[in-house]
Amino acid sequence: MKPKIYVANNNAELIENVRTYLAERLNYLLEQNGTIGIGVSGGSMPKIFTEAILSIPNLNWKRIRIFMVDERNVDVSNPDSNQAEYTRLFPEELKDVIVPVPIFEKDLRRTAQAYELNLRKYLLPELYNNVPRFDLLFLGVGPDGHTASIFPGKERLEKITDMNWVSALDDSPKPPPSRVTLTLNTINHAKNVSFIIQGEGKAEVVRGILHKDQKYPSSYVRPINDKLVFFLDKGSASTISLDLDDVGSTPEPESPPPSFEE
Ligand SMILES: O=C(O)[C@H](O)[C@@H](O)[C@H](O)[C@H](O)COP(=O)(O)O
């Protein structure tokens with residue numbers, strides 16, 4: 001299935017595109033049972049994602065849990081902390097929606113293992129191939145083609161946790177160096193995966209992902225149920241032919257996403 005691509009004219013439209021998609025997916029998922037697990041990335045995403053989801057009225061937040069796709073192994077008092085940034089942007093009454101990454105600054109393996117335990121505890125994962133199934137994952141990319149904290153030449157991170165849902169590195173080219181991350185296998189088992197990518201500086205990476213250019217780790221993101229969405233702006237979309245038949249400006253409600261069983 002070709003990826004869905006939404007190209008916004010400006011930041012407000014990008015946020016609106018993400019909001020429309022989120023509202024449609026969450027309304028469908030809230031009709032099902034169980035916890036809705038959403039994975040979010042760091043960098044520029046917290047502001048975009050938070051503004052989009054907080055503008056959706058009447059969400060049953062008790063059913064929603066937000067997880068870090070990757071996290072820097074720094075205390076939450078550190079401005080580099082992704083979870084702290086989301087917690088800062090969320091209203092007090094919704095803070096518990098954000099599932100913590102327990103940080104052990106002196107023991108990266110322990111952080112990875114503790115985070116995986118939280119995934120098991122909060123996500124109550126329906127397992128598929130012994131991997132949890134996030135309902136929605138939002139990924140960013142770097143100009144080098146990294147996604148989450150999976151960097152060029154480091155696509156295969158060492159198995160350091162019981163289930164290998166989470167891994168870690170201590171030499172990230174993007175500071176800070178010490179990070180935990182969902183593995184590519186976990187990312188690819190999510191039911192709905194989307195990239196939020198802005199700016200001309202990432203246009204070549206967007207082209208690379210769409211052409212499965214192996215030099216970019218983000219090209220290894222190929223959800224097993226084939227559901228991939230791109231939220232771009234004019235800059236990041238500048239290298240793709242906009243006559244792609246899946247290029248839309250605003251997501252329209254789609255049929256319910258196929259589950260793995262279908
Ligand atoms: O914690 C992180 O650093 C991220 O999860 C990382 O993967 C980020 O999404 C990209 O580097 C894009 O960051 P920008 O959107 O800020 O360019």
Side-chain angles (χ1 to χ4, degrees), residues 6-8 10-11 14-15 17-18 38-53 66-76 78-89 98-101 103 105 108 111-112 115 119 134 136-155 157 165-184 186-188 190 193-209 215-221 228-238:
Y6 301 99
V7 182
N10 53 54
N11 196 56
L14 177 85
I15 292 169
N17 288 346
V18 174
I38 306 176
V40 291
S41 298
S44 61
M45 190 180 290
K47 285 191 179 61
I48 296 167
F49 175 82
T50 305
E51 187 171 334
I53 198 167
I66 293 174
F67 300 80
M68 298 301 116
V69 161
D70 61 333
E71 180 58 288
R72 298 82 179 274
N73 197 35
V74 296
D75 186 80
V76 290
N78 186 315
D80 280 332
S81 167
N82 288 338
Q83 59 188 325
E85 176 70 353
Y86 280 100
T87 304
R88 186 181 67 78
L89 292 168
I98 296 162
V99 174
V101 179
I103 297 290
E105 286 190 286
L108 183 59
T111 298
Y115 188 37
L119 288 182
F134 281 89
L136 295 161
L137 277 192
F138 291 88
L139 302 173
V141 302
D144 62 357
H146 80 259
T147 191
S149 285
I150 301 163
F151 291 88
K154 302 169 184 298
E155 289 82 1
L157 292 169
W165 298 348
V166 176
S167 192
L169 71 164
D170 59 9
D171 57 352
S172 164
K174 176 181 179 183
S178 184
R179 292 159 170 254
V180 294
T181 183
L182 296 184
T183 59
L184 272 169
T186 304
I187 289 170
N188 283 330
V193 180
S194 55
F195 284 106
I196 301 178
I197 308 174
Q198 293 175 279
E200 193 119 22
K202 300 182 182 173
E204 165 46 30
V205 176
V206 169
R207 188 207 58 76
I209 299 171
K215 73 170 179 251
Y216 298 134
S218 37
S219 297
Y220 292 58
V221 174
L228 189 58
V229 179
F230 287 79
F231 295 100
L232 307 179
D233 65 9
K234 291 283 184 204
S236 57
S238 56

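When a residue number appears, it is its place in the shown sequence, counting from 1. One-based numbering, in listed order, for ligands and for the atoms of each.
By the 4.5 Å heavy-atom criterion applied to side chains, Lys47 and Ser44 are not counted as neighbours. Taking the side chain as every heavy atom from C-beta outward, Pro152 and Lys215 never approach each other to under 4.5 Å. Put simply, the side chain of Ser218 reaches to within 4.5 Å of the side chain of Val205, judged on heavy atoms. Residues Thr111 and Val101 have side chains in contact (heavy-atom distance under 4.5 Å, counting atoms from C-beta outward). Contact annotation: the side chain of Tyr216 never approaches that of Thr147 to less than 4.5 Å [non-hydrogen atoms, C-beta and beyond]. Using a 4.5 Å heavy-atom threshold, the side chains of Lys154 and Leu169 count as touching.
Of all atoms in ligand 1, listed by their number and element, those nearer than 4.0 Å to a heavy atom of Lys174 are 2 (C), 3 (O), 6 (C), 8 (C), 10 (C), 11 (O), 13 (O). Listed by atom number, the atoms of ligand 1 under 4.0 Å from Asn82 heavy atoms are 1 (O). Distances below 4.0 Å separate heavy atoms of Ser44 from the following atoms of ligand 1: 14 (P), 15 (O), 16 (O). Set against the non-hydrogen atoms of Lys202, the atoms of ligand 1 under 4.0 Å away are 12 (C), 14 (P), 15 (O), 17 (O). Interface of Arg179 with ligand 1, defined as ligand atoms under 4.0 Å from a residue heavy atom, comprises 1 (O), 2 (C), 3 (O). In summary, the atoms of ligand 1 found under 4.0 Å from a heavy atom of Gly140, numbered by their order in the structure, are 9 (O).
Glu71 does not count as a contact of ligand 1, since none of its heavy atoms falls under 4.0 Å from the ligand. Heavy-atom separations between Asp70 and ligand 1 include at least one value shorter than 4.0 Å. Residue contacts with ligand 1: Met68 is excluded, as none of its non-hydrogen atoms falls under 4.0 Å. Residue contact check for ligand 1: His146 places a non-hydrogen atom closer than 4.0 Å to it.
The protein heavy atom nearest to atom 12 (C) of ligand 1 is Val141 O, 3.3 Å. Shortest contact from atom 6 (C) of ligand 1 to any protein heavy atom: Ala148 O, 3.6 Å.
In this structure, Tyr6 and Phe231 have parallel ring planes: the angle between them is below the 30° cut-off, well short of the 60° mark.
Within 6.0 Å of the CD atom in Glu51, the count of heavy atoms belonging to other residues, nucleotides or ligands does not exceed 12. Crowding of Glu105 atom CD: a count of heavy atoms from other residues, nucleotides or ligands under 6.0 Å exceeding 12.
At a heavy-atom cutoff of 4.0 Å, ligand 1 is contacted by no atom of Ile196, backbone or side chain.
Residue Gly42 places at least one N or O, backbone or side chain, under 3.5 Å from an N or O of ligand 1. In terms of polar-atom proximity, defined here as any N/O pair under 3.5 Å, Arg72 does make such a contact with ligand 1.
For the residue pair Leu14 and Leu232, the shortest heavy atom distance occurs at CD1-O, 3.5 Å.
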